[in-house]
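A quick write-up on the structure given underneath.
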Amino acid sequence: MTSSVGESDQQRARRAYETIEPFHVLAYFNRGLREAQQDTGLDGHGFYVGARGAPMGDCDAAVVTAAFFNFSADVITPAWQAARDVGLDRVAARRDQMLDEQLGAVLGDLVEDPEIRDLEKRYREIAADLPMGGRPLAAGWNASPVPDVPHVALWQAIAIIREWRGDNHIAVLVNHQFGGLDAVVFHEAQLPDPTIRRRVLGRKLVQLTRGWSDEAWEGSVDRLVARGLATRTDDGHQLSDAGVSLYQAMEAETDALTAPAWSGSGVDDLLERTRPYVKAVIDAGVLPGTRKKD
């Protein structure tokens, strides 16, 4: 996969991803999740899959499994059916209610900032110009009704662009002959150079949330080793030099595919104006790997 996108555009796409990702992830890591699950009668998988996949509509679980990519069908199939039984519109409404409450708590006085409406408008303008062909999850979110609450509407506008990047990343992974399991095991491998920046969840949490057994995980490690992309270690597996090179190449390709979203004028200013809201989310200490700031 090649691209004519310039290095500065790729760097801007990377910076944009790192800026907006914590704001988006709040929907799936927050203190209101348990109550939302109880209200809908869903477990953690059922609410997550329903809340994230609801914009795709009442489709077969195989479609959702394909779109979520690195989740086992053994997790997606029952979770999606449970969400369908509750009603996808109900799950989506409860998701937005939860976001209203949790963003309100996290943002504090910022939640009343009129700047939020303008930021939402700008992100929706970016989303409106993005090609949705081959990006099923982003397309679903792009077609969803706009929430009435400003800070929830901002979250949704950012979610469209974030899922668009995710769909692009799946295309890159598939192009390099990765299935969903191998992709996540590859991503969670130790790196020989710890200075390389990367977000990981850890094997235990990945297996719990994605539904992969120890046997499946070890089989994936074997495949990565056979491809020359990893080596086994005493406490897991580590990417080889070839694996690191491929990891960096695929991240660069994803940034290149995503760069058109961030090539317009005023993007640097938009990201800078978004940072205070993202900082509030990070400082709340509810995301994995973060601690609450006093």
Result block: side-chain N/O donor-acceptor pairs under 3.5 angstrom for residues 180-192, not counting sequence neighbours:
from   : atom 1 : to     : atom 2 : distance (Å)
Asp182 : OD1    : Ser220 : OG     : 2.6
Asp182 : OD1    : Arg223 : NE     : 3.1
Asp182 : OD1    : Arg223 : NH2    : 2.8
Asp182 : OD2    : Arg223 : NE     : 3.0
His187 : NE2    : Arg199 : O      : 2.6
Glu188 : OE1    : Leu201 : N      : 3.3
Glu188 : OE1    : Gly202 : N      : 2.7
Glu188 : OE2    : Leu201 : N      : 3.2
Gln190 : NE2    : Asp235 : OD1    : 3.0

Can you give each donor-acceptor pair under 3.5 Å made by side-chain atoms of residues 38-46, sequence neighbours left out, with the distance rounded to 0.1 Å?
from  : atom 1 : to     : atom 2 : distance (Å)
Asp39 : OD2    : Arg94  : NE     : 2.9
Asp39 : OD2    : Arg94  : NH2    : 2.9
Thr40 : OG1    : Ala36  : O      : 3.0
Thr40 : OG1    : Gln37  : O      : 3.2
Asp43 : OD1    : His45  : N      : 3.2
Asp43 : OD1    : Gly46  : N      : 2.7
His45 : NE2    : Leu208 : O      : 3.2
His45 : NE2    : Thr209 : O      : 3.0

Under 3.5 Å, which donor-acceptor pairs do the side chains of residues 256-263 form with other protein atoms, sequence neighbours left out?
from   : atom 1 : to     : atom 2 : distance (Å)
Thr258 : OG1    : Thr254 : O      : 2.7
Ser263 : OG     : Pro260 : O      : 3.1

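Under the 6.0 Å distance and 45° angle rule, Arg95 does not count as a cation-pi partner of Phe47.
For Ala252, the side-chain contact (heavy atoms from CB on, under 4.5 Å) partners two or more places apart in sequence, or in a different chain, are Gln10. Partners of Asp74 by side-chain hydrogen bond (donor to acceptor under 3.5 Å, both in side chains), not counting sequence neighbours: none found. Residues passing the ring pair (Phe, Tyr, Trp, His ring centres under 6.0 Å) test with Trp141 are Trp155, sequence neighbours excluded. Listed by chain and number, the residues in a side-chain hydrogen bond (donor to acceptor under 3.5 Å, both in side chains) with Asp129 amount to none (sequence neighbours excluded). Residues passing the side-chain hydrogen bond (donor to acceptor under 3.5 Å, both in side chains) test with Lys121, sequence neighbours excluded: none. Every residue two or more places apart in sequence or in another chain that forms a salt bridge (charged side-chain N to carboxylate O under 4.0 Å, His left out) with Glu218 is listed here: Arg203, Arg232.
Between the side chains of Tyr17 and Asp255, no donor-acceptor pair is found at a separation under 3.5 Å.
For residues 142-153, the pairs satisfying side chain to side chain donor-acceptor pair (under 3.5 Å) are Asp100-His151, with sequence neighbours left out. Every pair passing side chain to side chain donor-acceptor pair (under 3.5 Å) that includes a residue from residues 21-35 is listed here, sequence neighbours excluded: Glu21-Arg162. For the side chain to side chain donor-acceptor pair (under 3.5 Å) condition, the pairs that include at least one residue of residues 48-59, sequence neighbours left out, are Tyr48-Arg52, Arg52-Glu163, Asp58-Arg84.
At a threshold of 4.0 Å, the pair Asp269-Arg273 counts as salt-bridged, since one of the basic side-chain nitrogens sits closer than that to a carboxylate oxygen. Contact check on Arg15 versus Glu18 returns no salt bridge, with no Lys/Arg side-chain nitrogen under 4.0 Å from an Asp/Glu carboxylate oxygen.
Across all their heavy atoms, His176 and Arg227 have their closest contact at O-NH2, 3.0 Å. The shortest non-hydrogen separation linking Ile170 to Ala67 is CD1-O, 3.5 Å. For the residue pair Ala284 and Val106, the shortest heavy atom distance occurs at CB-CG2, 3.9 Å.
Follow the hydrophobic side-chain contacts under 4.5 Å out from Phe178 and you never reach Val200; the two are in separate clusters.
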